[in-house]
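All values below come from the heavy atoms of this structure, side chains included, with hydrogens, waters and symmetry mates left out. Below, chains carry the letters A, B, ... as their sequence lines are ordered, and counting in each starts from 1.
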Amino acid sequence: MKGAGIKIAVLQFPGSNCDQDAYQLFSAGLGLPTRYVWHKDTRLGDADLVVVPGGFSYGDYLRCGAIARFSPVMGAVRDYASRGGVVLGICNGFQILCEAGLLPGALIRNSSLEFRCLTCDLAVSDAGPAFNPGILGKRVRLPIAHGEGNYRIDEAGRERLETNRQILLRYVDNPNGSLGSIAGVRNEEGNVFGMMPHPDRAFERFHPSMDGIKVARAVLSLRFPEVSKKSA
Amino acid sequence: MIELEVEGSDTPKFREQLDRLCRDLLSNPVIEDYHYDFPAT
């Protein structure tokens, strides 16, 4: 995909620890120009996709993502998303986007009360033109590593998710108690994506799968449809 | 559960500040509730 002209920005918060994974997914995995944006920056610069990576931002104090949502960069992310910019939150990034109100719902402690670290089979939902079984296949296999991945939303919110086709992925074997086995959602407008599984840990030959490439391409295909036609 | 004591008078402005603090930071209304009391002096 070199020369595709797609530019990626990866946010860094104190406590982010998957920022380099996300960077590698897009730079090494997809060959795209990728750069970091520090959480104190108030501008994102020129970016076609903003990635909010996983980790333990601000030590996960109070609630996961509750402090990071107040970082200066999040004002820029909010503006970017409101103008239709594409945002992908992975794991802690998903939690941050939910806390920031950019995605519906919330993530609470796993029902097992244990940190779960394993590779999961995920059923792909029909969530619109960029993210659906036609592009990704019926299932993808991605790693998870979290203690707070138990997705919650009220009944009216869940109905909205179903009606608007906002659910991206569901666990085949629910590892954390998530309502409806939900592993990832998008916003109603369709430009903000969040998921607990890690596409950024599934793109090298030594990883448990390489489906992260497909997921990254699906997200990028929202603005660059030609991306989804390339083979993984 | 988080329990905090803060100093202030029972005024509309103070209640507004408390609501903002509780709603936007201390709790996540999707999964949590909050309430506050003004003890009788």
At under 4.5 Å between heavy atoms, what parts of residues 61-82 of chain A are in contact with chain B? List them by residue number. L62(A), R63(A), A66(A), I67(A), R69(A), F70(A)
Tell me whether the count of non-hydrogen atoms from other residues, nucleotides or ligands lying under 6.0 Å of CZ in R23(B) goes above 12. yes
Whether over 12 other heavy atoms sit under 6.0 Å from R43(A) CZ: no
Suppose a student defines contact as a heavy atom less than 4.5 Å from any heavy atom of chain A. Which residues in residues 5-21 of chain B would they list? none
If I measure from the heavy atoms of chain A, does L25(B) come under 4.5 Å with its side chain, its backbone, both, or neither? both
Which members of residues 98-113 of chain A, sorted by number, sit under 4.5 angstrom from chain B on a heavy-atom basis? E99(A), G105(A), A106(A), I108(A)
So for atom CD, which belongs to E32(B), do other residues, nucleotides or ligands contribute more than 12 heavy atoms lying within a distance under 6.0 Å? yes
Suppose a student defines contact as a heavy atom less than 4.5 Å from any heavy atom of chain B. Which residues in residues 146-174 of chain A would they list? R152(A), I153(A)
